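Remember, predicted model here, so these are calculated numbers, not experimental data. Counting convention: from 1, in listed order, for ligands and their atoms alike.
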Amino acid sequence: MQSLQLSIHSPGPLRARRAAHHPPRAVMSPTRRAVRPVTHSMPPEKVEVFKSLEGWAERAVLPHLKPVENCWQPSDFVPDPSGPSGSFEDEVRALRARAAGLPDEYWVVLVGDMVTEEALPTYQTMINTLDGVRDETGSASNPWAIWTRAWTAEENRHGDLLGRYLYLSGRVDMRMVERTIQYLIGSGMEPGTENNPYLGFVYTSFQERATAVSHGNTARLAKGHGDPILARICGSIAADEKRHEAAYQAIVGKLLEVDPDGAILAIENMMRKGITMPAHLMQDGRGPGLFDKFSAVAQKLGVYTGRDYVDIVEYLVGRWGLENIEGLSGAGQRAQDFVCGLPSRLRRMQERADDKAQRAEPQSMRISWIFDRELTI
Ligand SMILES: [Fe+2]
Ligand SMILES: [Fe+2]
């Protein structure tokens with residue numbers, strides 16, 4: 001889910017144009033922070049919108065969760081340490097034999113995905129920064145809070161499962177991986193959502209789809225490299241992400257229905273900023289650039305690319321029927337024009353970036369997660 005070359009990494013025309021509207025946000029390095037982020041940008045009276053949608057959320061959002069008893073658990077996919085004598089060791093040996101066929105680049109991407117998932121405390125915190133939908137008590141009974149807790153509980157299985165698989169594979173430097181997770185949770189994230197649930201749910205609508213794409217691609221590659229169980233692991237995680245994206249996109253769809261101007265302006269706002277990746281502040285304590293390296297490898301393997309970013313924008317424009325929304329204010333119409341024209345503009349930028357990348361010299365890098373073995377990208 002990882003590289004956002006179009007919106008974050010490349011100083012393209014969109015970036016220049018965006019800068020005219022928003023000061024550039026400090027998303028490049030773990031050590032830099034946006035100076036004065038916007039906070040609480042939703043007008044206070046709009047809290048009522050979310051209050052009035054509670055009945056709807058119960059009927060239309062909560063059903064996207066799966067009952068716990070029907071959910072897979074990490075134990076379903078990894079060797080069972082309580083099995084008959086010797087079976088655990090045999091299963092671990094088989095896992096490691098399958099894992100032997102996966103190249104270093106693949107491990108980098110799988111670790112990056114796992115680290116991203118493991119920073120879940122940050123994402124639950126982020127959702128609980130949102131005015132009008134936050135879980136005020138930690139066990140609040142309104143459907144927004146119920147969703148957030150149960151969503152977190154489903155997500156919690158993702159990093160757990162990937163982490164167990166990575167540990168048993170013996171292919172990665174677990175200590176450096178764990179250190180990266182600790183740094184990342186300590187750093188947080190800068191999604192630019194301004195305590196504003198309109199912005200927050202646009203962000204999660206995009207982001208859950210991005211993770212579904214990314215895990216879907218690591219599943220496909222695992223299968224190609226002869227590890228069907230890892231393919232099932234990544235595919236099962238991707239299926240959860242798909243349920244989650246459906247829920248978040250339903251929320252934004254409903255906002256477009258009850259407050260079309262507010263919702264289209266929120267979509268425009270997030271699209272102008274660009275969707276930052278949740279783990280963009282990652283580091284391993286050995287100098288800058290870890291996230292960029294991870295992004296470059298994900299791009300090279302086709303796990304998450306600039307093209308995927310454009311595809312997601314295009315998908316959301318269609319999913320929400322943005323071209324057909326009527327009765328917007330002048331500002332709303334301008335936002336609509338901007339957002340609906342964005343996929344083709346991003347597509348052109350992406351083609352230019354791809355051309356440039358094809359002409360670029362291969363670069364070598366080392367990443368601590370794979371014991372600093374050299375990679376050429
Ligand atoms: Fe996840
Ligand atoms: Fe997710």
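Checked by atom type, the side-chain pair Tyr198/Asp259 shows a donor-acceptor distance below 3.5 Å.
Nearest heavy-atom pair across Leu162 and Asp113 is CD1-C, 4.3 Å.
The hydrophobic cluster containing Tyr123 does not contain Tyr183, counting ILVMFWY residues as joined when their side-chain heavy atoms lie under 4.5 angstrom apart, directly or transitively.
Protein N/O/S atoms nearer than 2.8 Å to the Fe ion (ligand 1) total 5.
Distance alone, capped at 3.5 Å, is enough to place a donor-acceptor pair between the Asn195 side chain and the Thr129 backbone.
Residues Asp173 and Trp369 fail the side-chain proximity criterion, which asks for heavy atoms closer than 4.5 Å.
Residues passing the side chain to side chain contact (heavy atoms under 4.5 Å, CB included) test with Thr152, sequence neighbours excluded: Leu120, Gln124, Thr148.
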